[in-house]
Amino acid sequence: MPIVQPAGTELFLSKQGGMFVPVILLDIQTLDGTQYFWSDYEGYYPSKFLTGTRIQSSGGTITQQLAFSLGATVAGDACFVSIVIKNQGASTVDIGTNGNGGDPSAVIPPGMTSQVLIRGVSVGNLFQISFNTSAAGMAWDVVAFNPIGTKNGSANLVPLANRTFAGWTAVGGAAITVTQAFDVAPLQFYNGWIKSGCNFTCTKDMSSNAGDLLLQNLSGNTIDRDVALAFKNHEFEGAYAVTRLWIPLLDAAIREFHCSLSEQNPKEDEAGARELQLFDPTQYVIAGDVQAETCTFRFKSSQCGSTGSATSCLKRLIDCQDATRLAQERFNAIITTIPNTVFVPPLGGPGQKPQRPGATTGGPRSPLPQL
Amino acid sequence: MSEANILNPTPQSVMNPSYKLPHKDPAIIGRWQARSGKAFARGMLTRGLVWNLHWDNVLFSTYLALRQWFRQYEQDFFSYFDIDDNRYYSGQFLDEPQYERAANNQVNVTATFVTIPGLAQFVYPGNWGVDSIFLEERNGFGSDLVKLTGTGWALQVLAAHHGGQAYQSAVTNDIAEWKYVGYGFRYWAAKASTFGIVEISLDGTVLGTVDLFNAATSNAAALFTQLNAPLGEHRVKLRCTGTKNAGSSAFTVNADAMEVMR
């Protein structure tokens, strides 16, 4: 289990006489790419997952300068966009959505850092996240991270590869410069949901390191609970979780545990999960599965892996091999079991007598039991 | 009609308990707060008020009557009249009334009365503005209190709305739903020339519709009242009907605020 300690931390802490209180920071990425940031001390901290991307632009013939398409919409689709922006240039930047009804947008003046949240209802346009300026060709300079776009409560429509703004489209002839891992990344807001966590047992052979995570399960609207809803909507089993003990005094982490989540357990007022260390596969809990001639994976799930155009699957190999699915390398069914090729029959072959227990070839035989 | 059987129907009844009358509001809200940050709370339980009643220096026959009430309604319920609050509560004695002899033919009696959810009331509470609380569309921390289903909901900031903002939708069959613990409720909303007709249901039963049209925009007011609801966990639902007054120019309905009786 990787443990990261900033240089000089131990020496510094040893001289503080306990004058520090670590904050638990938990960064989670579920199997469908959704990210969560939780803490036991609500606030803004540097994220483990995300570094800011610096984007600079100049020139261009229209106000829209950089965009990423999230696909078509139909009228009535509920669209949501979130992105964190630090405007370090001299001109205003406007985040647009296009597909939302009336194209609601958010304006970030120079010098402001903002977590942009835009909700709207589509009028049927193309759904996209775009960087706009107030006048055509105006130069701008921002640090941005964590672009999220969802439609009707879907997972993030921005693919992982494009969340660093790589592959975005320059519009109207604008000259775009993208600098990755820019060192003044804006901070991420960590929800104060953690009741306890980070109780890892560190053994010498790293075979039993695991922790228990306990979250509140009260927040949400009067009907749905936030945590339970997240567990319900996303694949937390096996989700990648990084737990850090963060010292605000130092602005650094003194412990860092990389884990996978398992055994989620939402209860009435709290929810728990087990944090299994990445190095010990014996602690992975694999759900029981059946041996069948049809695949047991949910179609288009991460385990299935199909990205084809088909909208349903009959779960047979022939369906999996079809050009509209093409995920046969992950097909998990046992296609055919030929009788007697796997199991040895309890009796001998045709015309042979059953072997008595203890019978061996040659040598003295054990006496048969008296009947 | 057990709720019509009132232990102490009048101020003159010999069954009125003696003062002082300690009573307990059971905790029905689950709360938690991180070491730093917002507090989280949620209605978790449905429990009614509990009174530790006592009758001091009453005739032994009063004890016998109380014992009879306990035995009669051990598997049933009756009403207790809180004279000071002018409210009736449906419930039963938790255990057998206990007594001690205080003097010749005089006893001190104690008994615990518990309000039980889900029972009919002799008179449903209607002291709005005193015993009621408001559930807005969002709480003060910015989190939704109402569950929105459908694609048309959007938050509108307008002084006429209760609390200055409300969710609005004009999409047919869009639903806004609150859950609360208490008795009846009142639906609060503004009226305007672009508003349509909203349908209101409680625990799956449609109660009626409200026409939100008004030629001039009017401030939020109690537009629909449901008094007769027993103590319990209730779901009140608003549905955009996609219908409107002939004078209205749109079908918009408001998920603004619910005033619920506790």
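Bear in mind that the values here come from a model prediction, so they are computed numbers and not experimental data. All chains are named by letter (A, B, ...) in the order of the sequence lines, taking the proteins before the strands, and each is independently numbered beginning at 1.
Proximity of a side-chain donor or acceptor of A/Thr222 to a complementary backbone N or O of B/Val146 within less than 3.5 Å is not detected. A side-chain donor-acceptor contact under 3.5 Å links B/Arg42 to the backbone of A/Asn221.
Ranked by heavy-atom pairs under 4.5 Å with chain A, the list B/Thr151, B/Asn139, B/Leu155 is led by B/Thr151. Of the listed residues B/Gly30, B/Gly150, B/Ala39, B/Ser36, the one with more heavy-atom pairs under 4.5 angstrom with chain A than any other is B/Ser36.
Of all non-hydrogen atoms in B/Phe40 and A/Gly192, the two that sit nearest each other are CE1-O, 3.2 Å. Annotation for B/Arg35 and A/Val23: closest pair NH2-CA, 3.7 Å, computed over non-hydrogen atoms.
Of the two parts of B/Glu177, the backbone and the side chain both hold a non-hydrogen atom closer than 4.5 Å to a non-hydrogen atom of chain A. With a threshold of 4.5 angstrom between heavy atoms, B/Ala41 approaches chain A through N, CA, C or O but not through any side-chain atom. Residue A/Phe189 touches chain B through its side chain alone, counting heavy-atom pairs closer than 4.5 Å. Contact annotation for A/Asn152: only side-chain heavy atoms (C-beta onward) come within less than 4.5 Å of a heavy atom of chain B.
Going from atom NZ of B/Lys179 over to atom CD1 of A/Ile223 covers 7.0 Å, rounded to the nearest 0.5 Å. Atom CD of A/Gln216 sits about 13.5 Å away from atom CZ of B/Arg31, to the nearest 0.5 Å. Atom CZ of B/Phe141 sits about 11.5 Å away from atom OG of A/Ser219, to the nearest 0.5 Å.
Within 6.0 Å of OH on B/Tyr167 lie more than 12 heavy atoms contributed by other residues, nucleotides or ligands. Within a 6.0 Å radius of CZ in B/Arg138, other residues, nucleotides and ligands contribute more than 12 heavy atoms.
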